[in-house]
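Protein chains get the first letters and strands the later ones, always in sequence-line order, with residue 1 at the start of each.
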Amino acid sequence: MSEIRLRFPPSPTGYLHIGGARTAIYNWLYARKHNGKLILRIEDTDVERSTKESIAGIIDGLNWLGIDWDEGPYYQSDHIKEHIETAHKLVTAGHAYKCFCSKEELDAKRQDAVAAKKTYMYDRTCLHLSAAEIAARENQGTPHVIRFKVPDGDGAVVFEDKVYGRIERKYRDIEDFVILRSNGTPLYLLSNVVDDIRDRITHIIRGQDGLGNTPRQILIYEALAAPLPVFAHMSLTLDPQKAKISKRSHGEVVTVQFYRENGFLPWALINFLVLLGWSPASDQEIFTREELVASFSLEGMNKANSIFNYQKDHPKFITDPKALSTNAHYLQTMPVAELIPLVKDVLQGEDLWDESYENDRQAWFSTTVDLIRSRFHVLTDFARAGRAYFSDDYVMDPKPVKKNLAKHEKIPEWLGLLAQRYESLPEFNKEEAERVTRELADELAIKPGILINGTRTVVTGQAAGAGLFDVLMAIGRDRVIARLQKFSREGLS
RNA sequence: GUCCCCAUCGUCUAGCCAGGUCCAGGACACCGGCCUUUCACGCCGGCGACACGAGUUCAAAUCUCGUUGGGGACGCCA
C-alpha cells in the first residue's frame, strides 16, 4: 500500500516559533507512529525574507528539539515553474480564467462593500469575457491575474476533518480566488497544493487557521484530479488575552531558541508543547519518546484553543509555569550521566568548566551535579545558583545574607571559630563536620541552625540548597575554610 | 458584513461520540500542614469548573435547539 507521508512546511523567519514547533511535533509523531515519512519543505516564495540565515534558524530549532525528517529540506522556490504551468493548465481545462481587473478597481469595490456593510466577493466581471475580448486586452498589454473558477450551483465542498469532523462550505460562499499574480508568480494556495501533490502527501496536520483554506484547496485537488489527503486541523495556542502568540507582541518567549538559551531540555519542551491541545486517553503527563509515539493519536486532539499561560515580567516564571515544572521534573529525575554533558555546555558558556571534571574529578562532578540539581529548574541554574560549586568568584544573594548573617552581629567571629574546628579535624567527613558544628553551637550557647545557615550562605551564597554537610563535602574542606575565614575577616563589608 | 469553528477549575485537561458508576477526576499554579539546619523534594489537606436558557428523558457535563461569549477565515501574504 501507499506509504503515509506528512510534511512540515515552515516559511523562513529566522527562528522556530513554538506554535510551529507544536505543528512539527504532531506531524512528526504521526509519521513516526505510522511508520510514515516526514518531509521538510521550506516555503520560501517570499524571496525578501528567505535568506540562508532565516532558513538555518528554523532548521537549528528542529535539530535542537530532536525532530528529524526523512526527506528534504525541499524548497518551494525550486518549483515555481511547475506552479505556473499548473495555473495555465487549469485555465485550459476551464477551471480557471484570466482576470484583467486592476488592483485599484478591486480595492475600490471592496471598500465600497465594507462601507455599505455588505459582503465583498469578486463579482466575476472577467469570467464572462469572450475570447475576442480576452485577446484584445492581452494585445493591449493589460496585466491580468488568474483566478480559480469556483463551481456554480448549490453544491458545497464537504470533507471529513480528523479533528473537527464534517466540514461543509457552500460554493457560493467561496470567492473566485487568485492563483497567479499579474507578475506571473503563483500564490500560496496553489503552490502549496501542487507541492503536496508532487510530494505525495497523504496527511496534512496544520493549524486551525488553515481550515478556511481547505475548501479552496480541495477544489484545486479536484480540478487537478489528484487524490485528496486526510486533513486534520489542530486548535491554536493563544495568549491569556486570547490573542495569537507572536514574536512581535510577546518577544523571544515564543521562539524555541529562547528555551534553549534559558536552560530547557529539548524533550521537556516537546513534552510541554504536545500537551497543549492534545492529551492521551490517560492521566499520563510525562512521556519517553517511545511512549509518546505509541500513545499519540489524532483522537486526542482538543478542538478548543489552548492558552499559553505566559505572564510578561512575572517575577517567578519566565514562561508558562507548567513548562518550567515539566523541565524541572526531567532535570531532577533523568540519569545524571545524560545530564552531565548538558551541564558541561552551560558551564563552558560561562567559563566555569574545568577539564578535570571529565578526568580525575569526574566522580566529584557527577556527585555534585546530582546533589544540587534537586533545587534547580533549568540548566542555567547550574551556572547561577550553582556557581559557588564551580568557582570562587560568586556573589551572595542578599536574601539569605539578610536572614542568616546580618541578624547576628557576632557571626563573623563564630564562623571563624568554626573554620578553625574544621581545620583541626583529623578527617573531614559529613559526620565529623556535623559533630563539631553542633559542638561549637553548644559551647556558644546558640542554636546549631545559626551556624548551619550562616555557613551555607557564606559558602554557597544561596538560601536554598542540599543538606549543609553534603554541601560542605561537595565544596571541599579547603574552599570551605577559605570562604569562612575570608568572611570572618571581612564580614559583610 | 459573510462564512467556518469552539465553549469543564486561574492554566493544561479527563469525562461527552455509545446519558446513570460525576454533588465532575488528574496535572500545574496558589494556600495550609507534616518532614527539616535552609530551601526544595516527598507526603497529607484546602481552594477551584460543567457559560446561560429551553427541550428530550425516570435520569444530561454528556443528546437537540437557542442565547451569549471567544477564536479563525474572507489579500495580486504565507
Watson-Crick or G-U wobble mate for B/A60, both contacts under 3.5 Å = none

NA contact type, A/Ser325, heavy-atom cut-off 4.0 Å: base, sugar-phosphate, or nothing?
-> sugar-phosphate

Say whether A/Tyr188 and A/Asn213, considering side chains only, have a donor N or O and an acceptor N or O under 3.5 Å apart.
-> no

P atoms of B/A29 and B/C12, separation to the nearest Å = 15 Å

Could you check whether A/Lys103 gets within reach of a base, just the sugar-phosphate, or nothing at all, counting any heavy atom under 4.0 Å?
-> base

For B/A73, what is the paired nucleotide under Watson-Crick or G-U wobble rules, both distances under 3.5 Å?
-> B/U2

Nearest-Å distance once atom P is located in both B/G46 and B/G25 = 11 Å

Would you list the protein and nucleotides 40-43 of chain B atom pairs, both N or O, that sit under 3.5 Å from each other?
| unit_1 | atom_1 | unit_2 | atom_2 | d |
| --- | --- | --- | --- | --- |
| B/A40 | O2' | A/Ser374 | O | 3.3 |
| B/A40 | N3 | A/Arg375 | NH2 | 3.4 |

Quick one: on RNA chain B, does A/Asn309 or A/Arg181 contact a more 5' nucleotide (nearest heavy atom)?
-> A/Asn309

When the ring centroid of A/Phe287 is compared with that of A/Trp267, is the distance short of 6.0 Å?
-> no

Distance-only donor-acceptor test, A/Lys322 side-chain atoms vs B/C12 base atoms, 3.5 Å = yes

Using a heavy-atom cut-off of under 4.0 Å over every strand shown, decide if A/Ile167 touches base, sugar-phosphate, or nothing.
-> sugar-phosphate

Name of the residue among A/Arg172, A/Lys170, A/Arg124 meeting salt bridge (Lys or Arg N to Asp or Glu O under 4.0 Å) with A/Asp152 = A/Arg124

Separation of atom CD1 in A/Ile286 from atom C1' in B/G26, rounded to whole Å = 13 Å

With rounding to whole Å, what would you report as the distance between B/C16 and B/U8 at their P atoms?
-> 15 Å

Mind checking A/Leu275 for me? I need base, sugar-phosphate or nothing, with any heavy atom below 4.0 Å counting as a touch.
-> sugar-phosphate

Rounded to whole Å, the OH-C1' distance (A/Tyr310 to B/G10) equals 18 Å

Which nucleotide, in any strand shown, forms a Watson-Crick or G-U wobble pair with B/C28, with both distances under 3.5 Å?
-> B/G10

Would you call A/Tyr75 and A/Glu43 a side-chain contact if the rule is heavy atoms closer than 4.5 Å?
-> no

Indicate, with a heavy-atom threshold strictly under 4.0 Å, whether A/Pro448 touches base, sugar-phosphate, or nothing.
-> nothing

Between B/U38, B/U11, B/A7, spot the one nearest the side chain of A/Ala304, thanks.
-> B/A7

Short heteroatom pairs, N/O only, protein and nucleotides 64-75 of chain B, under 3.5 Å:
| unit_1 | atom_1 | unit_2 | atom_2 | d |
| --- | --- | --- | --- | --- |
| B/G71 | O2' | A/Asn305 | OD1 | 3.0 |

Gap between atoms CG and P, on A/Asp470 and B/U38 respectively (whole Å) | 15 Å

Is the number of heavy atoms from other residues, nucleotides or ligands under 6.0 Å of A/Lys109 NZ greater than 12?
-> yes

How is A/Lys403 classified with respect to the nucleic acid when contacts are heavy atoms under 4.0 Å: base, sugar-phosphate, or nothing?
-> sugar-phosphate

Pairwise distance CG(A/Leu418) to CD1(A/Ile452) - rounded to 0.5 angstrom = 9.5 Å

Using a distance-only test with no angle check, is there a side-chain donor-acceptor pair under 3.5 angstrom linking A/Thr460 and A/Tyr394?
-> no

Is the closest basic N to carboxylate O distance between A/Arg438 and A/Glu434 below 4.0 Å?
-> yes

Between B/C6 and B/C65, how far is it from one P atom to the other, in whole Å?
-> 12 Å

Does B/A14 have OP1 or OP2 sitting under 4.0 Å from an N or O in the side chain of A/Asn302?
-> yes

Is there a donor-acceptor contact under 3.5 Å linking the side chains of A/Arg22 and A/Thr237?
-> yes

Taking CD from A/Gln111 and P from B/G1, how many angstroms apart are they, rounded to a whole number?
-> 18 Å

Looking only at atom P, what distance separates B/A54 and B/G72, rounded to whole Å?
-> 32 Å

Quick one: which of B/U11, B/U37, B/C30 gets closest to the side chain of A/Ile452?
-> B/U37

Have a look at A/Glu168 and say if it touches a base, only the backbone sugar-phosphate, or nothing, with a 4.0 Å heavy-atom cut-off.
-> sugar-phosphate

Residue whose nearest RNA chain B nucleotide is more 5′ - A/Phe272 or A/Ala466 = A/Phe272

Side-chain heavy-atom pair A/Phe382, A/Leu331 within 4.5 angstrom cut-off | yes

Hey, does A/Lys399 reach any base, or is it just sugar-phosphate, or nothing, if we go heavy atoms under 4.0 Å?
-> nothing

Should A/Ile18 and A/Thr255 count as side-chain neighbours, where that means a heavy-atom distance under 4.5 Å?
-> no

Let me know the distance between CZ of A/Phe287 and P of B/U13, rounded to the nearest Å.
-> 13 Å

Could you please name the partner base of B/G42, counting Watson-Crick and G-U wobble pairs only when both distances are under 3.5 Å?
-> B/C34

Provide, to the nearest angstrom, the distance between the CG atom belonging to A/Leu180 and the P atom belonging to B/A78.
-> 12 Å

Nearest-angstrom distance, C1' atom, B/A14 to B/C22 = 11 Å

Atom-pair distance (CG on A/Asp195; P on B/A78), nearest Å = 12 Å

Could you tell me whether A/Glu43 contacts a base, only the sugar-phosphate backbone, or nothing, with contacts defined as non-hydrogen atoms closer than 4.0 Å?
-> sugar-phosphate

Of the nucleotides B/U37, B/A78, B/C30, which has the atom closest to the A/Leu468 side chain?
-> B/U37

When the C1' atoms of B/A7 and B/C52 are considered, how many whole Å apart are they?
-> 12 Å

Out of B/U37, B/U13, B/G25, minimum distance to the side chain of A/Asp283 belongs to B/G25

Carboxylate-amine/guanidinium contact A/Glu105 A/Arg110, below 4.0 Å = no

With both distances under 3.5 angstrom, what nucleotide forms a Watson-Crick or G-U wobble pair with B/G53?
-> B/C65

Is it true that the side chains of A/Thr185 and A/Arg181 contain a donor and an acceptor less than 3.5 Å apart?
-> yes

Atom CG of A/Asp320 to atom P of B/A29: distance rounded to whole Å?
-> 10 Å

When you compare B/C31 with B/G69, how far apart are their C1' atoms, in angstrom units rounded to a whole number?
-> 31 Å

Heavy atoms under 4.0 Å, any strand shown: does A/Phe308 hit a base, just sugar-phosphate, or nothing?
-> nothing

Taking only the side-chain heavy atoms of A/Ser306 (C-beta and beyond), determine which of B/U13, B/A29, B/C6 contains the nearest atom.
-> B/U13

